[in-house]
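Have a look at the structure below before the remarks.
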Amino acid sequence: MDGTGACLVQRDFTVLLEKEHPGFEAARRELSRFAELVKSPASFHTYRLTPLSMWNAAAQGLEAAEILERIRDMSRLEVPGQVLKEITLWLSRYGRLRLRKSMEQPGELVLESTAPEFLDEIMNLESVQKWELKRVTETMLTIPVRNRGVLKQDLTRLGYPVQDEVGYHSGQALSFKLRDQIAAGIPFSLRPYQCESVSAFIGSSNGTEGGSGVLVLPCGAGKTVIGLAAMDKLQRETLILTSNVTSVRQWIQELRNKSTLSDLEIGEYSGDRKEVRPVTVSTYQILTHRSKKEDGFKHMKLFNERDWGLIIYDEVHLLPAPVFRVTAEIQATRRLGLTATLVREDGCEKDVFSLIGPKLYEMPWRDLEQEGWIAQVKCCEIRVPMSEPLRTKYSLAEGRQKFRIAAENSGKLKVVKELLEIHAGRQVLIIGQYLGQLKHLSEQLQAPLITGSMPQQKRIELFRAFRSGSLSLLIVSKVANFAVDLPDASVGIEVSGSFGSRQEEAQRLGRLLRPKSGDNRAYFYTLVTDGTREQDFALRRQLFLIEQGYEYSVQLTKDDDDGEKEAAQ
DNA sequence: CATTTGGAAA
DNA sequence: GCATATTCCAAATG
C-alpha cells in the first residue's frame, strides 16, 4: 500500500496484477496460493478472491493473518475495508465445524464446533433440515451416516465448510508393487514433488489429515505416476475415472508398465469393453450414459460392484453432476482428485471441495519448469493472411464451409517453411485436421504423413525413426489424439485445429512437449487465418492454455517482408 | 465382428 | 443466450 505494489484489489474481490511490474513474479506466486486466476489478457492478470480459494489456502495450513498481510503488502492502494472484512469472515469459518464418528451410535455422525453459535446458525438453516440434524448438546449435533456427503455439500455451498474426520472404510486389499518400466530390478522412483503430493494425500498415520482431496499439477508433471504411487501406499482395489477413452488406455498402459499387476487384474470399463477387475479404469461419460431419456444411470453400479478402497478422479474439474451425486453417497471411500486446473464455474467447484476434498497440494508449473521436469513451452499464434481470391471465396461461403476455407488457407505453407528453417535441427510435428491439406504439405515438404488409414506396422516404423532422430519431420492427422505412443518432439505446428476441444488441445501439448535435452525449450505454433472465424476458436484455446500456465503470444505475418521471428530467440 | 449411424451431453 | 462442434456410447448395419 505504499503506492508501488503490483496489485490492485477491487471492491468486487478481483485483484488486478500488472504484468510489467517488478514485483509481478513474487505477487503471482503469492496469489496462486489463495486466489483464482480468472483471465490473463494483455497487461493485467485478473485474480479473484473467493470463499473457496480461501478455504483451499487454509486447508494447506495458511493462516488468516498471513493472507491478510500478504494482500496488504502487494496492494498498491489501501485495500477496501469491506474486502478485508469478508475475507476474515470466510476464513473464520474454516475448521470450525468438524465431522466425526459417534461414540454411542454406530449409524450416526457427530458434527461439532467449539463455537455453539455456529451450530445455532446451522440449525436455523431451513434447507439442511432434510438431512435429519439433531442437536444433542451445546457443541454437538448428530446426523445419520448416509447423509455425510450431502450435508457437507450443502453446508459448503451455504458458506460453512466442514472438516471431515470420520475416516474411511478400507476396501478390499490388493497386493502389488511398483517397478521401473525399463528394468524390473531398478526400484521405482518418484520425483521430489511427486513424493510430496502423495504424502499430502495420504496424510499422517492417524488419518485425520489428508485422506481425500485434490492435487493440482500441470500437464506433463506425471499425474498418473502420482496416482500409481497413491495406490501403492494404500494397496487396495482401485477405481480410476477419467475424461475420455484415450486417457483410459494411457492409465492402463502405465499400470501395466509400472506395476506388478497382471493384465487380469486391470480392467477397462468403456463403450468397447465392460471389465470390472481389481483395478478398473473408466470414463465419466459411460457412468452418466442413459439409453433413453428417462432411464436410470445403469453404469453407476460400477461404484458398488467391487469393494473399492480408493477412487481416483482424473481431470476432476470435468466431473459431471450425476457423478457428484453418487460420490456424495460413497464418502466412506477414499477419493483422490487430480487436475491441472481447478474449475472456475462456481457451484461445481464447491462440490469438488466438499465431496472429493480440499486442495491438498499445488505445484506451480513455473517451478517444474525451472527444475527441468517439464519443458519451457513457448506458445505462439501466427496470423496468416488470405490471398485476394481466397478472401472472395470465403466471404461467399457460409457456416461450415467458411471455417474450412480459412483452415485450409494455402498461405500457411509458406509460414510452415519459415518455421522449419528457424527450428532446423529440431524434431518437428505438424498436426492438422484436414487430410487434403496435410497431403499437400506432405508432398511440398517431403515428409511422411500418418493418417488413420496407415497400417499400424508402418506407423510404428515411422514413430521409431522419428524417435531415433533419423527422421526429423512428421505430419500427423488427428490420429495423434489416439496414439498412446506418439513420439516426443520439441516443436509442434498446428496448421488446422478443432473448434471445441480445448482440453484435448492442452493434453496434446502436454504430451508432445516433454522435457527436452539441451536447453529444455519447446515451441508450439498455431496457424490461424487472419480476419476469419478461425480466430474466435483459437482465442478460446488460448484462454485454456493460459489457465494452464502457458505463455501465449500473437504474431502477425506481413505479406512480404517478414522481419525476424522473435519468438524463436 | 468391424464399421457406420444416431442420440445425448455440455 | 443460441447454436454449434465435439465426444462418447450403443444400436444398427453389412
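Protein chains get the first letters and strands the later ones, always in sequence-line order, with residue 1 at the start of each.
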Looking at [options], which one has an atom nearest to any side-chain atom of [X]?
{"X": "Lys298(A)", "options": "dC8(C), dA11(C), dC9(C)", "value": "dA11(C)"}
{"X": "His299(A)", "options": "dA10(C), dC8(C), dA10(B)", "value": "dA10(C)"}
{"X": "Pro320(A)", "options": "dC9(C), dA10(B), dT7(C)", "value": "dA10(B)"}
{"X": "His289(A)", "options": "dA10(C), dC8(C), dA9(B)", "value": "dA10(C)"}

[N] [atom2] sits how many Å from [X] [atom1], rounded?
{"X": "Phe324(A)", "N": "dA10(B)", "atom1": "CZ", "atom2": "C1'", "value": "14 Å"}
{"X": "Tyr269(A)", "N": "dC8(C)", "atom1": "OH", "atom2": "C1'", "value": "14 Å"}
{"X": "Gln285(A)", "N": "dA8(B)", "atom1": "CD", "atom2": "P", "value": "14 Å"}
{"X": "Arg273(A)", "N": "dA2(B)", "atom1": "CZ", "atom2": "P", "value": "11 Å"}
{"X": "Asp272(A)", "N": "dT3(B)", "atom1": "CG", "atom2": "P", "value": "11 Å"}
{"X": "Glu268(A)", "N": "dC8(C)", "atom1": "CD", "atom2": "P", "value": "12 Å"}
{"X": "Leu318(A)", "N": "dT7(C)", "atom1": "CG", "atom2": "P", "value": "13 Å"}
{"X": "His317(A)", "N": "dA10(B)", "atom1": "NE2", "atom2": "P", "value": "14 Å"}

Restricting to salt bridge (charged side-chain N to carboxylate O under 4.0 Å, His left out), what partner residues turn up for Arg277(A), sequence neighbours left out? Glu275(A)
Considering residues at least two apart in sequence or located in another chain, which fulfil the salt bridge (charged side-chain N to carboxylate O under 4.0 Å, His left out) criterion with Arg464(A)? none
Proximity of Tyr523(A) and His423(A) rings by center, below 6.0 Å: yes
Is the gap between the ring centers of Trp90(A) and Phe13(A) under 6.0 Å? yes
Under 4.0 Å, heavy atoms only, any strand: does Thr283(A) hit a base, just the sugar-phosphate, or nothing? sugar-phosphate
Check the interface with nucleotides 12-14 of chain C: list each N/O to N/O pair with the protein under 3.5 Å, or write none.
none

In terms of side-chain geometry, is the basic nitrogen of Arg148(A) or Asp164(A) positioned less than 4.0 Å from the acidic oxygen of its partner? yes
Using a strict cut-off of less than 4.0 Å between a Lys/Arg side-chain nitrogen and an Asp/Glu carboxylate oxygen, indicate whether Asp351(A) and Arg157(A) qualify as a salt bridge. yes
What heavy-atom pair brings Asp530(A) and Arg383(A) nearest, and what distance separates the two atoms? OD1-CD, 3.3 Å
Is the phosphate of dG7(B), meaning OP1 or OP2, less than 4.0 Å from a side-chain N or O of Arg290(A)? no
